[in-house]
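Counting convention: from 1, in listed order, for ligands and their atoms alike. Bear in mind that the values here come from a model prediction, so they are computed numbers and not experimental data. This chain uses plain numbering: 1 for the first residue, then up along the sequence.
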Amino acid sequence: MRRKMTASILSVVLAGTMIAGCSSGSQGGSANRIDTAIANASPVADSSGFTYTGTAPITSEGGTLTILAQESNYSFVDIGNAPIVLKVFEEAGVTPNWQLYPYDTYASVAEPVITSGNTTADIIKIPDSDPNQVYIKSGIFVPLDEYFDYMPNFIQWLKDNPVEKAELTAEDGHIYYVPGTNVADDYQPCLMYNQVWLDKAGMKAPDNLDDFVTLLRYFRDNDMNGNGDASDEIPMSIMKEFLPYMFGPAFGLDLVSGFQADDEGNVTYAYADSENYKKYLEFVNSLYSEGLLEADFESLDRDMVIDRISQDLTGVAFDFSWAMSMMYSNVLPYYDGTAATAFVGAAPLSGEHTGFYVGRNSLAGMFGVSTSSSQIELACKFLDYAMSDHCQEYYQWGIEGESYVVNADGSRAYTEQGNDNDWLQSFGINPAFVLPAAQSVEATDILVAPWHAESNRQLRRYIRDPWPDIYSTTKESDTINLYMGDIQATVDSYAIAFIKGDKNLTTDFDQYISELEALHLDEVTEVKQAQHDRYMSALS
Ligand SMILES: [Ca+2]
């Protein structure tokens with residue numbers, strides 16, 4: 001179970017990375033095409049004389065839809081036959097025929113099947129967000145705007161969400177995918193402190209780098225876990241992919257997105273900032289030299305962090321907020337369900353710059369309708385119904401009387417069964433693997449400890465938007481694909497070498513910057529600048 005959850009969260013990180021690498025907006029004319037399609041759409045009757053208007057059923061004739069999608073990240077969950085999922089099909093009046101591929105290997109296994117057209121699926125979940133429009137340009141998917149007569153819920157959602165509408169609009173002005181959505185400003189990665197250790201040290205959660213270092217030294221030098229040995233404490237346990245989240249902002253850098261725009265809209269690559277990024281590396285290197293960053297931080301994974309916390313060996317963590325009460329606090333030997341005995345979220349660290357946390361874009365798993373489907377209208381209607389507010393209620397809460405009840409004051413609460421996570425997963429809660437499901441803050445609040453939900457409410461003020469999520473043109477994606485892999489690899493290897501002191505920041509940093517320049521960073525930055533300009537004009 002723990003391993004499965006780990007895989008799930010890592011895939012979110014990977015998806016975020018891929019999304020951060022893509023981009024660009026709807027040009028003026030393209031946006032008009034979608035707006036015109038929305039304005040002209042009106043429900044029409046199908047061949048049997050049945051007219052779908054956004055509520056179930058979607059057809060009077062029944063039928064079967066073949067859907068290529070992903071298994072659950074919980075190995076014991078049969079997501080295609082989960083009650084919540086079946087409920088949606090039952091109401092819609094169609095039967096699912098699943099072609100499901102494993103959660104962990106979905107990208108590598110599904111991608112060639114989709115690209116080769118070697119599938120009979122009517123509806124396909126794409127493995128990524130198609131940032132470079134590879135599937136779109138291959139003609140594999142139907143332009144959904146040509147079927148907006150059958151998609152009243154989707155067009156209302158596009159009207160209500162102009163940013164996502166701009167992000168979904170392809171270079172050719174069409175929209176090809178119905179997306180699920182992530183919670184984007186809530187439950188994002190943040191710092192977490194062992195509250196018992198903080199209290200024992202007589203300190204508050206620090207909000208700046210200097211106080212933070214003071215705290216780490218205290219944790220390193222004292223018997224925080226009270227086992228009589230003052231040398232077995234690990235001041236903090238941080239997976240290496242979270243170091244940029246944790247320390248970049250104090251140096252004015254969004255190292256999570258990589259590319260960032262200043263107030264004037266000038267785009268730069270944070271990893272090539274010869275002043276601030278160098279200071280960032282000097283700081284992290286000093287943590288490493290002092291034994292404040294674990295010697296084997298490079299290979300640390302989430303299971304190892306959980307293991308250290310379960311033995312009360314570490315005082316600071318940084319991870320997706322979800323881990324706070326669901327994976328970290330709950331394994332502490334003395335956790336009693338309150339914040340006083342937990343790993344508690346805290347404000348970001350500031351340095352010369354004010355700290356922030358990097359949020360994420362809201363677009364998630366995307367579904368398209370195959371151009372080789374013999375029932376495109378039915379598939380469009382089903383996707384439309386499956387993304388309706390009515391179905392989102394099922395995805396977030398399940399079925400009334402089984403997974404949740406409605407209280408006298410109108411609020412909802414999970415039943416005893418619903419509070420059993422394994423049961424709830426088997427029931428098909430948040431079936432984003434197979435349907436366009438939207439995450440909900442309200443439903444998440446109820447799943448985590450009350451103090452955790454409160455911590456999230458306190459922290460959302462620090463969230464800053466990441467690099468936006470917009471398609472690349474062919475030329476842009478060619479440039480990015482040609483150069484960005486080598487640039488990223490160079491950045492990654494130098495970062496580790498500088499932090500561990502294998503390379504010297506005084507003598508080797510200029511060499512690092514010239515290597516990035518030799519790898520055509522300026523051309524990639526130029527592409528990112530053009531994309532950002534388009535994005536800003538699409539929004540205004
Ligand atoms: Ca100790």
Side-chain angles (χ1 to χ4, degrees), residues 1-3 5-6 9 189-243 245-247 250 283-349 449 451-452 455 496 499-501:
M1 167 82 80
R2 181 188 295 169
R3 179 159 289 111
M5 182 60 77
T6 301
I9 289 189
C190 67
L191 264 161
M192 305 165 203
Y193 296 93
N194 182 320
Q195 189 60 48
V196 168
W197 285 27
L198 274 182
D199 290 343
K200 206 178 267 189
M203 297 188 198
K204 299 249 178 269
D207 64 3
N208 64 79
L209 295 176
D210 290 342
D211 291 350
F212 183 70
V213 170
T214 303
L215 177 72
L216 292 183
R217 287 177 182 146
Y218 191 93
F219 284 173
R220 180 193 59 193
D221 298 336
N222 290 277
D223 182 17
M224 302 310 300
N225 57 17
N227 65 350
D229 176 1
S231 69
D232 67 343
E233 279 74 12
I234 302 165
M236 62 174 175
S237 288
I238 312 289
M239 292 167 273
K240 71 171 184 294
E241 60 265 36
F242 285 108
L243 293 172
Y245 278 91
M246 190 171 179
F247 299 120
F283 176 77
V284 183
N285 167 253
S286 75
L287 295 179
Y288 182 84
S289 317
E290 275 202 62
L292 300 175
L293 184 64
E294 285 193 64
D296 58 351
F297 75 98
E298 253 186 291
S299 55
L300 199 64
D301 65 22
R302 187 170 286 103
D303 286 345
M304 293 163 72
V305 175
I306 290 171
D307 191 53
R308 282 155 170 65
I309 291 174
S310 71
Q311 298 181 59
D312 198 21
L313 288 175
T314 193
V316 185
F318 193 105
D319 204 335
F320 282 93
S321 169
W322 177 259
M324 197 187 296
S325 67
M326 307 302 277
M327 287 188 270
Y328 289 172
S329 299
N330 59 314
V331 301
L332 272 173
Y334 38 73
Y335 179 57
D336 66 4
T338 69
T341 56
F343 261 80
V344 181
L349 299 168
W451 62 263
H452 184 173
S455 171
I496 295 291
I499 290 170
K500 294 175 74 173

K.L.:
Roughly how far, to the nearest 0.5 Å, is CG of D232 from CG of N225?
P.N.:
4.5 Å
K.L.:
Answer yes or no as to whether an N/O/S atom of M224 is found below 3.0 Å from the Ca ion (ligand 1).
P.N.:
no
K.L.:
Taking the Ca ion (ligand 1) as the vertex, what is the angle from OD1 of N225 to O of D229, given to 10 degrees?
P.N.:
160°
K.L.:
Got a sec, which residues hit ring pair (Phe, Tyr, Trp, His ring centres under 6.0 Å) with F219, two or more places apart in sequence or on another chain?
P.N.:
W197
K.L.:
Hey, what's the angle at the Ca ion (ligand 1) spanning OE2 (E233) and OD1 (D223), nearest 10 degrees?
P.N.:
90°
K.L.:
Distance-only, no hydrogens or angles: does the D296 side chain make a donor-acceptor pair with backbone N or O of S299 under 3.5 Å?
P.N.:
no
K.L.:
Give a rough value, rounded to 10 degrees, for the angle at the Ca ion (ligand 1) between atoms OD1 of N227 and OD1 of D232.
P.N.:
100°
K.L.:
Closest heavy-atom contact between K500 and F297?
P.N.:
CG-CE2, 3.8 Å
